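First comes the structure, then the notes that go with it.
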Amino acid sequence: MRFGKSIRSRLIIGFMAVMLPVVIYMLINNSYSRDIVREKVSETYRNTLDIYVGQTDHNLSQINDYLYKMSVLDSDVGLLMSFPMDSDGYTLTKIRIDSKLNRDVGVYNLIDAVFLYHKNDIIFGTDSVYNDTKKIIKTHMDSMTTEENLLLNNQHTWEVRGDERMPGKYFLINFIKVSDGLFVGAMIKVQDINKMLSIQWSDGDIGHNGIYLLNEDRLVQSLTENSAPIELSYRLSNKPYESLTDHKTGESYLVMNRISSMVNIAYRVVIPEETLLRNLLFFRNATLFAPIGFLAILLLYLFFMRNMLFKPLHELILGMKKISLGMLDVRLKKNKTLEFEFLGNTFNIMAEQIKTLKIDVYEEQLRVKQGELKQLQAQINPHFYMNSLNIIYNLAALGDTESVKKMSLHLADYFRFIMKANRDTITLKEEMQHIENYMTIQKIRFPDKLLCTFEGLETVLDYPIAALTVQPFVENSIIHGFKNRRQLFQIKITADTAGEDGFVLTISDNGVGFSSEVLHKLQHKEPLQEGESSSLGIMNVIHRLQLLYGERTSITFHNQLEGSGAVVVIVFPKLMEGVKAVV
């Protein structure tokens, strides 16, 4: 039954038509609320990130100003290189500068180390491991203060460097030239910048943060050890923020990127939407579970309608289908509903009437079929009778009275059996006896020219067949296949077991075989012209086989592979229960 045409589908559609607008309204309202909250909260987070990035850049700018002032205004820094390095004046000036640098490291919390670098000496103040810091300054300043690198140096921007001896590996460094060979500079650990960033985002499980090395509009690599909860693209977007979904977990995230103006790094913050919509959790859950509630109501509604309407209606439709398939014993049970009780009683009365009517029609069909079978049987007897009389006439014309007497006796036995008891079917054994009588009659006419053999018939001799089912094919072989009278004409009848306990009967000869035109018509079940291959006998046998066995039988025609001799193959099916040899 097509959807939309049944009562059940229309009731469901009606219920959904009422409840669906309510669900849609709640979903739209929840979506609008989520968008508003997401926009406002994300705006707050964006402002917070902008403030942090701006403040960090401002601190880097202040440190640059500090380095510039030290290189220009600090008298000790200016006088340092005027003393020989092994003089007392150099040593005293170095001590004063060292004291200032250690003091300034405490003033600027962001600085990890501030230093005065000369290739022969390093003065610095730091809160980290002294020897490691000195080695890091020595290593990187030696490479950064070469003539080639000094030409590329920009005193206003910081450079990202990596060193395994530095905690967190990566750090920022910048320096200003004081005089030939003397530079003042500072180092800042990326780890410390990220800690300050984490205070605002990681605490309270707000989100994830990280710092990345920047190359134009791409993030080259992460400078922090903590990894994002979602796999992200390294290409920066021009949007103030992006909403991304993790395809593995289905979680949604808000991603914000900000670029520093003082150093080639970018700050990235990833915030789960659960954090953004934490205050709307109840309304979100209520909206999500509302369809489930409506579905539960629909299921209760359908359960009630099932017992009241759908179940008795289904039983009525199922009963009608069974009646249409011929199951006439189907009857409906009584129903408590007045309308369905009336329908059930009416259905049972009609089913009983149909059963009675169908039995009458079936009996009438059996009578018609039996009459048709008897009519076909009556046709085959005169057919052979006329051929036999023609043979007797020819023998009498030759004056062979002994052969006439012998043939008359065999012919009398043959037709005595055919006409006695008025039976519709005989056993295969009796059919073979008829064929032996027929062959004896033909041998009288053609002495030492005919031979008929039987093989494999022992197990199927009691099988019931229509009278003269096989004999017409033997007769057809002699009439049309027996052309060369100089050699022995052989007819062979064999039986082989087929599937499901049936058997295959094969009639073959060594004659000239079927002509191509006749064989084509026989194989394609086309009607034969009068006189073609005993058309009356062959078509009569085919028709009777179909009446007796229906589609369970088949008959095929072909010539032998050697190009001579006709072959007829008849498939007899397994007998069904209740089938009798004599009807």
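Keep in mind that the numbers below use all heavy atoms, side chains included, and drop hydrogens, waters and symmetry copies. These numbers come from a predicted model, not from an experiment.
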Test M262 against N64 for side chain to side chain contact (heavy atoms under 4.5 Å, CB included), laying out the working first.
-> CA-CA 10 Å; M262 298 297 297; N64 283 343; 3.2 Å; yes
* Apply salt bridge (Lys or Arg N to Asp or Glu O under 4.0 Å) to D142 and K138, showing your working. => CA-CA 6 Å; D142 284 347; K138 174 66 175 173; 3.5 Å; yes
Checking I193 against Y267 for the side chain to side chain contact (heavy atoms under 4.5 Å, CB included) test, could you report, in this order, the C-alpha distance in whole Å, the side-chain angles of both residues, the deciding distance, and whether it holds? CA-CA 10 Å; I193 300 176; Y267 303 87; 3.9 Å; yes
Verify side chain to side chain contact (heavy atoms under 4.5 Å, CB included) between K135 and D163, making sure each step is shown before the conclusion. CA-CA 10 Å; K135 292 177 182 178; D163 196 300; over 6 Å; no
Step by step, would you call M85 with M81 a side chain to side chain contact (heavy atoms under 4.5 Å, CB included)? CA-CA 8 Å; M85 287 189 178; M81 298 309 297; 3.9 Å; yes
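Salt-bridge formation is detected for the pair D112/K189: a Lys NZ or Arg NE/NH1/NH2 atom is positioned less than 4.0 Å from an Asp or Glu carboxylate oxygen.
In terms of heavy-atom proximity, H558 sits nearest to V569 at CE1-CG2, 3.9 Å. For the residue pair R161 and S143, the shortest heavy atom distance occurs at NH1-OG, 3.5 Å. When all heavy atoms of D57 and S260 are compared, the pair lying nearest together is OD1-OG, 2.5 Å. Taking both residues in full, the closest heavy atoms of N59 and L110 are given as CB-CD2, 3.9 Å, listed atom of the first, atom of the second, then distance. Closest non-hydrogen pair, V160 versus L223, comes out as CG1-CD1, 4.0 Å. Nearest heavy-atom pair across N194 and N209 is OD1-ND2, 2.8 Å.
Rounding to the nearest 0.5 angstrom, the gap separating the NZ atom in K134 from the CD1 atom in I123 is 10.5 Å. Atom CZ of residue F183 and atom CE of residue M141 lie 6.0 Å apart, to the nearest 0.5 angstrom. The CG atom of D76 sits 4.5 Å away from atom CZ of R96, with the distance rounded to the nearest 0.5 Å. Here I265 contributes atom CD1 and L219 contributes atom CG; the two are 11.0 Å apart, rounded to the nearest 0.5 Å. Separation of atoms CE (M144) and CG (L150) is listed at 9.0 Å; rounding is to 0.5 Å. I137 CD1 to Y117 OH: the interatomic distance, rounded to the nearest 0.5 Å, is 10.5 Å.
S128 is not listed as a side-chain neighbour of M187, based on a closest heavy-atom distance of 4.5 Å or more. Between L101 and M70, the closest side-chain pair of non-hydrogen atoms falls below 4.5 Å.
Aromatic rings from F124 and Y130 are positioned such that their centres are separated by under 6.0 Å. Y108 has its ring centre less than 6.0 Å from the ring centre of Y66.
Enclosure of atom CG in D180 is not indicated, since only 12 or fewer non-hydrogen atoms of other residues, nucleotides or ligands lie within 6.0 angstrom. Within 6.0 Å of the CG atom in D65, the count of heavy atoms belonging to other residues, nucleotides or ligands exceeds 12.
Defined by atom type and a distance below 3.5 Å, a donor-acceptor pair is missing between the side-chain atoms of E43 and N47.
In this structure, N102 contributes its side chain and D98 its backbone to a donor-acceptor pair below 3.5 Å. In this structure, N149 contributes its side chain and T145 its backbone to no donor-acceptor pair below 3.5 Å.
Residue pairs meeting the ring-ring contact (aromatic ring centres under 6.0 Å, His included) criterion with at least one member in residues 149-171, sequence neighbours excluded: H140-F171.
In terms of the salt bridge (Lys or Arg N to Asp or Glu O under 4.0 Å) criterion, E315 has no residue partners (sequence neighbours excluded).
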